[in-house]
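Below: the structure, in structure tokens.
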2 protein chains.
Amino acid sequence: MTESATSTPLPEPATGEIRLTAVLHALADPVRLQIVRQLAEGHEDMACIAFSLPVTKSTTTHHFRVLREAGVIRQHRRGTSRVSTLRTADLEQAVPGLLDRVLAAAQTEALRHPVDPPSDAPTME
Amino acid sequence: MTESATSTPLPEPATGEIRLTAVLHALADPVRLQIVRQLAEGHEDMACIAFSLPVTKSTTTHHFRVLREAGVIRQHRRGTSRVSTLRTADLEQAVPGLLDRVLAAAQTEALRHPVDPPSDAPTME
DNA sequence: TTCGTAGTTCGCCGAGCGTCGTACTTCGAT
DNA sequence: ATCGAAGTACGACGCTCGGCGAACTACGAA
């Protein structure tokens, strides 16, 4: 094997193939948004296990796959771990400014509502 | 009835109750994104029937409801029609810059891909 | 080599979404 | 009062999604 086993990028869309609706859908899930927020918070590349997510391993794999197939993150292997990186530059080119605004809004909302209620809209219905 | 029948706003979340994930989810659907784009394209208030959407009346009602309950649009009656308006200012306060970036990205993508394939990722799988 | 850790894959389940058709309501016009 | 046009409400359908557990793979360490 002439390939280096420590850098095997998993299949992902090219920058030009990143679709707006796919990105929006990927970011619309609370768990995935939490992953993206943690990735953006300085830790540029983290193993999946490092994220303290309220779901099981297989569900975690699922969410990372959705993010990767939407073009939001890049994944490659490092030893027995899977390292994830935000595709900041690619996203900036495909959907300029979107990631920053989403992250800023998520931060603001997190400060207002420390715990995220499932889906209650108190002032409506 | 002392209420004026020509301005009956339908139930909608207050500005502070607009949730990021709800907005992202509302904008993640191609039909709803098309509605928002048409609303942003100058026609500030349009009747539902004025949108040439590839779905039936009842589905149209459903999509307008999702957009309204997410806080993206406001709806009120005018005669036998339903007039919809983008809540631009409220969105700017709740999720600053998000709407503009989504609209810009949608415009760019529409120029690249005139017709939107269902969900094919040609360079992947 | 054996073992443990980290992820993946698969099938399954329940819930929700998008879609439709069919009533039903509401309003303006006749 | 009657009719038609614009929307809404409701139920049904198929599909997707998010969640899980169990079995499997891949890699490092002992």
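Reckoned from all heavy atoms, side chains included, excluding hydrogens, waters and symmetry mates. Naming convention: chains lettered A, B, ... in sequence-line order (proteins, then strands); numbering from 1 in each chain.
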Point to revise | Length of the line joining Lys57(A):NZ and dC24(D):C1', which is rounded to integer Å | key: 11 Å
Practice item. Find which nucleotide of DNA chain C each of Arg32(B) and Ser58(B) is nearest to by heavy atoms, and output the residue with the more 5' nucleotide. Key: Arg32(B)
Check your understanding: Think Thr59(B) has a side-chain N or O under 4.0 angstrom from the OP1 or OP2 of dC20(C)?
Key -> yes
**Study point:** Donor-acceptor contact present, side-chain Arg68(A) to main-chain Pro11(A), <3.5 Å
**Key:** yes
Point to revise | Distance test, side-chain N/O of Arg82(A) to OP1/OP2 of dA26(D), below 4.0 Å | key: no
Check your understanding: Between atom NE2 in His62(A) and atom C1' in dC10(C), what is the gap in whole Å?
Key -> 14 Å
Exercise for review: Rounded off to whole Å, could you give me the CG-to-C1' distance for the Leu33(B) and dG18(C) pair?
Suggested key: 16 Å
Review point. Over how many whole Å does the gap from Arg77(A) atom CZ to dG28(D) atom P extend?
Key: 10 Å
Exercise for review: Report yes if a side-chain nitrogen or oxygen of Thr80(A) is closer than 4.0 Å to either non-bridging phosphate oxygen (OP1 or OP2) of dA26(D); otherwise report no.
Suggested key: no
Exercise for review: Report yes if at least one side-chain N or O of Thr56(B) is closer than 4.0 Å to OP1 or OP2 of dC20(C); otherwise report no.
Suggested key: yes
Exercise for review: Quickly, which of Leu86(A), Leu33(A), Ile73(A) forms a side chain to side chain contact (heavy atoms under 4.5 Å, CB included) with Leu67(A)? Name it, please.
Suggested key: Ile73(A)
Point to revise | Phosphate contact (dG19(D) OP1 or OP2) by His63(A) side-chain N/O below 4.0 Å | key: yes
Review point. Given dC27(C), is OP1 or OP2 found less than 4.0 Å from the side-chain N or O atoms of Arg78(B)?
Key: no
Review point. If we ignore angles and hydrogens, is there a donor and acceptor under 3.5 Å between the side chains of Gln107(B) and Arg37(B)?
Key: yes
Practice item. Side-chain contact test, heavy atoms from C-beta onward, threshold under 4.5 Å: evaluate it for Val102(B) versus Leu98(A) and give yes or no. Key: yes
Practice item. Output yes when at least one side-chain N/O atom of Thr61(A) is less than 4.0 Å from OP1 or OP2 of dT8(C), else no. Key: yes
Exercise for review: From the options dG18(D), dG7(C), dT19(C), select the nucleotide whose nearest atom is closest to the side chain of His25(A).
Suggested key: dG18(D)
